[in-house]
Amino acid sequence: MRSLQVVTPNMKCIYNCPFCISKTHIHDNAFKDNYSLNKKFWKDNLAKVIKENDDLKYVVITGTNEPMQSIECVKDIINIVRNESPDIQIEIQTHYYKDNDIYKNLDVVAYSIPFYNLTSNIKPSGKTNRYVFILTDTFNDYRLSDILKITPDNVSQITFKVLQKGNEASKEVNDYINSHSISIDSLNKLREDINSYNGNLSIRLDENCMDTTNRYKIFREDGYLYNDWEEESKSC
Ligand code: SF4
């Protein structure tokens, strides 16, 4: 396993993104919060997973809500990973644009940006900063050159993510995605631009971000390891 996603405890998200894939899981994110209820078990299991997987290169701190809502948990994850394996790169995926000291302790801060005009709100402050543009229709008719103009110099990585629909029961999210995804024409032009880009930034287009097969495993707040985001709780 090269990459592990570590999930902060589930709570109502301070944002309410209409495309949020976390709202679409059949298990409704009902995992026992052993981070709060049995921290020793949670900590020991996370340390064990890190120790037993010596091919692990990346830990990604994420959540079924904004992970910065659990700053103490983010700090604990960083401490455990650094303690067990200091060479592992730690990243956070966040919508939280305000500067925070914790960002300086991470290797990568990946800022999710679902609307074209939001970048002026962000002060990228990690050692390495990534902009993750979520391709809503606000990106229609923009080319890569336009997006590079609104990307500050201290952002060295860009990911473009195509919106991912949930299961058939996720009507609200799927309806939003059906009517607010980037147009096919704009996506095709962006893909062309990315394929021919030869500048210094690392730029990728992620068209299937929920496919975890052979990509990563997930360590949930119950202290257990999961193979994918839909897997049912092992603790409830
Ligand atoms: S910040 Fe993330 S978890 Fe929260 S609503 Fe938006 S996409 Fe969902």
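Start at 1 and go down the list; that is how both ligands and their atoms are numbered. From a predicted model like this one, the values you see are computed outputs, not experimental measurements.
Using modelled atom types and a 3.5 Å distance limit, the side chains of Asp107 and Tyr58 yield no donor-acceptor pair. Between the side chains of Glu66 and Thr94, at least one donor-acceptor pair of N or O atoms lies under 3.5 Å. For the residue pair Glu230 and His27, no side-chain donor N or O sits within less than 3.5 Å of a side-chain acceptor on the partner.
No more than 12 heavy atoms of other residues, nucleotides or ligands lie within 6.0 Å of CG in Asp153, so this atom counts as exposed by the packing criterion.
In this structure, Phe133 has its ring center no closer than 6.0 Å to that of Tyr116. Residues Tyr35 and Phe41 keep their aromatic ring centres 6.0 Å or farther apart.
Among all non-hydrogen protein atoms, the one lying nearest atom 4 (Fe) of ligand 1 is Cys13 SG, 2.2 Å.
Those atoms of ligand 1 with a heavy atom of Tyr15 less than 4.0 angstrom away are 1 (S), 5 (S). Close approach of ligand 1 to His95 (heavy-atom distance below 4.0 Å) involves ligand atoms 1 (S).
At least one N/O/S atom of Cys20, whether from backbone or side chain, sits less than 2.8 Å from atom 8 (Fe) of ligand 1.
For atom 5 (S) of ligand 1, the candidate residues are Pro114, Cys17, Ser112; the nearest heavy-atom contact is made by Cys17. Across Thr94, Asn16, Asn65, heavy-atom proximity to atom 3 (S) of ligand 1 is greatest for Asn65.
In this structure, Thr64 is part of the shell of residues with a heavy atom less than 4.0 angstrom from ligand 1.
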